[in-house]
S.K.: 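Handing you this structure, nothing more for now.
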Protein chains: 2
Amino acid sequence: MKTSKKEQALETIKQRVLTMGLPPGATLDETLLADQFGLSRTPLREVLQRLAGDGYLSLETNRGATVSSMDLNTMRSFFQSAPMIYAAIARLAADQATTSQLDALKKAQSAFRKAVKHDKLNDMVIYNHRFHEITGTMAASTYLSPSLGRLLIDHTRMSYRFYTNDQDASRTRIMEACDQHDEMIDAIERREPARAVDLTLKHWELSRREMEKYVTPDPLPNDAADFLHAGDTVREVETV
Amino acid sequence: MKTSKKEQALETIKQRVLTMGLPPGATLDETLLADQFGLSRTPLREVLQRLAGDGYLSLETNRGATVSSMDLNTMRSFFQSAPMIYAAIARLAADQATTSQLDALKKAQSAFRKAVKHDKLNDMVIYNHRFHEITGTMAASTYLSPSLGRLLIDHTRMSYRFYTNDQDASRTRIMEACDQHDEMIDAIERREPARAVDLTLKHWELSRREMEKYVTPDPLPNDAADFLHAGDTVREVETV
DNA sequence: TAAATACATATTGTATACAATAGCCGATTC
DNA sequence: GAATCGGCTATTGTATACAATATGTATTTA
């Protein structure tokens, strides 16, 4: 394995962003990071530029790099565009995946399953991310891949959040998602685009419900009396 | 107007790519460009990195920057994904365009019309590109914009090619396209997403037919006799 | 003559020193 | 006491010198 310091910096920062070690909005210190990775500022800046190009960071002139934020507007367009892109990627992937890509996908999936089994949150997040990234390379579309990439970044970060928020509930969902991955692999391997799309949309729905629950949780009780009975209140209907 | 040398370099190189001054596959010389724009290599490299991030160039380590190529595979995914993305962008744009964005769009359109009128190819290409770019900013989708950007780059380059290839035929099409722009502006201004999508797809079809004709032209005559009558041959059916 | 190797040259990558800009803090003024 | 101005410091941006890599050429050898 011969990874240059630059690639290492790139990968490390990516992972820190995805696992919220660097939370949205955080500012990055060039000189600090440069020292940290044993690089001078010049190549480190190139790393930051690339990460900005991929949607992990955003750069503002004379004001350095910050982790891409997830505000209300981005959330909105996230829910608008994710299913469309995911479905398109799934179809293309099932159409034209190569066997070596399939191997990589299976490997990511087994690493994911293992992480789930041992309840290693960071690994789960990273390998799930990788799984879907590979899906993107299978699709081999210069045009859709960048969109997928950005969607995945925010999807991963949100997943991380809602897992941290309610571990027990999330765990069963994640195991379900993990099984869906296996089915998706099968659909791709058998070259069944329609089924791959279908599974992908199911996968999305599962995730979407969870995210929506996190974004719009049960309202807080609005007076003292309600507050006392808060634990008893029946869970309200869920928008589907 | 206070544009830094860097922004100027960025913009100039973009335009050179779009107008095929820098054809697909061309290699760029860092030191030369740096001198040309009165910059040192460090900031110029940052420009190149950004252009690579946006899909104009592609960088290979130790081998410099080359203009993004347009091979068969990319063409394939281009035709696959363009209508989907264009339609999605149109819908979002009609939903949420701001008035200042609309002003910018109208300005780009009038510049485009003027360029068409005076038959200034480069200006046409640039302002048409800008028109659709603004459409993208209207959609305000972090996730779809990068896809749109890449599609537009290649769309613009192809348009340039087929215009150069057959000016007279293209000219009437371009005037039609120009009128469609006006209608699109109207649809956006009136907040009619469905109509905006519809117009966009028509716009796409117009362009698509032209591109397909260029990509798959009438076959060359395959023997001497045919060759002599080549000028007389009736144009074959057009795949629709 | 063809192939291979080693050297020379051109180009890319990195480090560091220097310049410019932004943000902060204290001082001065009303 | 509030506000604005001015300089100080921290951080970003740029230039340049140096290192590493790749490519082309000439020379050697089979």
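Quick note on labels: first sequence line is chain A, next is B, and so on, each numbered from 1. Because the structure is a prediction, the values reported are computed rather than measured.
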S.K.: Among dT12(C), dA15(C), dT14(D), find the nucleotide with the atom closest to the side chain of P43(B).
M.R.: dT14(D)
S.K.: Check the distance between dT21(D)'s P and K6(A)'s NZ and give it to me in whole angstrom.
M.R.: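 Value for this atom pair: 13 Å.
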S.K.: Atom CG of L59(A) to atom C1' of dT12(D): distance rounded to whole Å?
M.R.: 11 Å
S.K.: Using whole Å, report how far CZ of F37(B) lies from C1' of dT14(D).
M.R.: 17 Å
S.K.: Any N or O donor-acceptor pair linking the side chain of T42(B) to the base of dT16(D) at under 3.5 Å?
M.R.: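 Yes, the side chain and the base share a sub-3.5 Å donor-acceptor pair.
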S.K.: Rounded to the Å, how far apart are R41(A) CZ and dT14(C) C1'?
M.R.: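 Spelled out: CZ on R41(A) to C1' on dT14(C) is 13 Å.
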S.K.: Under 4.0 Å, counting only non-hydrogen atoms across every strand here, what does R63(A) touch: a base, just sugar-phosphate, or nothing?
M.R.: sugar-phosphate
S.K.: Give, for atom CG of L57(B) and atom OG1 of T27(B), the distance between the pair rounded to the nearest 0.5 Å.
M.R.: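 So the gap between those two atoms works out to 11.0 Å.
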S.K.: Within less than 4.0 Å of OP1 or OP2 of dT14(C), is there a side-chain N or O belonging to S40(A)?
M.R.: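 So the side-chain polar atoms of S40(A) never come under 4.0 Å of the phosphate oxygens OP1 or OP2 of dT14(C).
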S.K.: Rounded at 0.5 Å granularity, tell me how far CG in L51(B) sits from CZ in R16(B).
M.R.: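 These two atoms lie 11.5 Å from each other.
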S.K.: Looking at E46(B) and R50(B), is any side-chain nitrogen of the basic one under 4.0 Å from a carboxylate oxygen of the acidic one?
M.R.: no
S.K.: Please report the distance, rounded to the nearest Å, between CD in E30(A) and C1' in dT11(D).
M.R.: 8 Å
S.K.: With heavy atoms under 4.0 Å as the rule, sort L28(A) into base, sugar-phosphate or nothing.
M.R.: sugar-phosphate
S.K.: Round to a whole Å and report the spacing from CG of L44(A) to C1' of dT12(D).
M.R.: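 It is 13 Å, rounded to the nearest whole Å.
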S.K.: Find the distance N62(B):CG to dT9(C):C1' and express it as a whole number of Å.
M.R.: 16 Å
S.K.: Taking the six-membered ring for Trp, are Y56(B) and H129(B) parallel (under 30°), tilted (30 to 60°) or perpendicular (over 60°)?
M.R.: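 Y56(B) and H129(B): tilted rings.
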S.K.: Rounded to the nearest Å, what distance is computed from the CG atom of residue D35(A) to the P atom of nucleotide dT14(C)?
M.R.: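 About 16 Å, once rounded to whole Å.
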S.K.: Which listed nucleotide (dT12(C), dT12(D), dT16(C)) is nearest to the side chain of D29(A)?
M.R.: dT12(D)
S.K.: Please pick, from dA15(C), dA15(D), dA17(C), the nucleotide with the shortest atom-to-atom distance to any side-chain atom of L39(B).
M.R.: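 So the nucleotide nearest the side chain must be dA15(D).
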S.K.: Ignoring hydrogens, what is the shortest heavy-atom contact between T200(A) and A87(A)? Give both atom names and the distance.
M.R.: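 Smallest heavy-atom distance, with atoms named: CG2-N, 4.3 Å.
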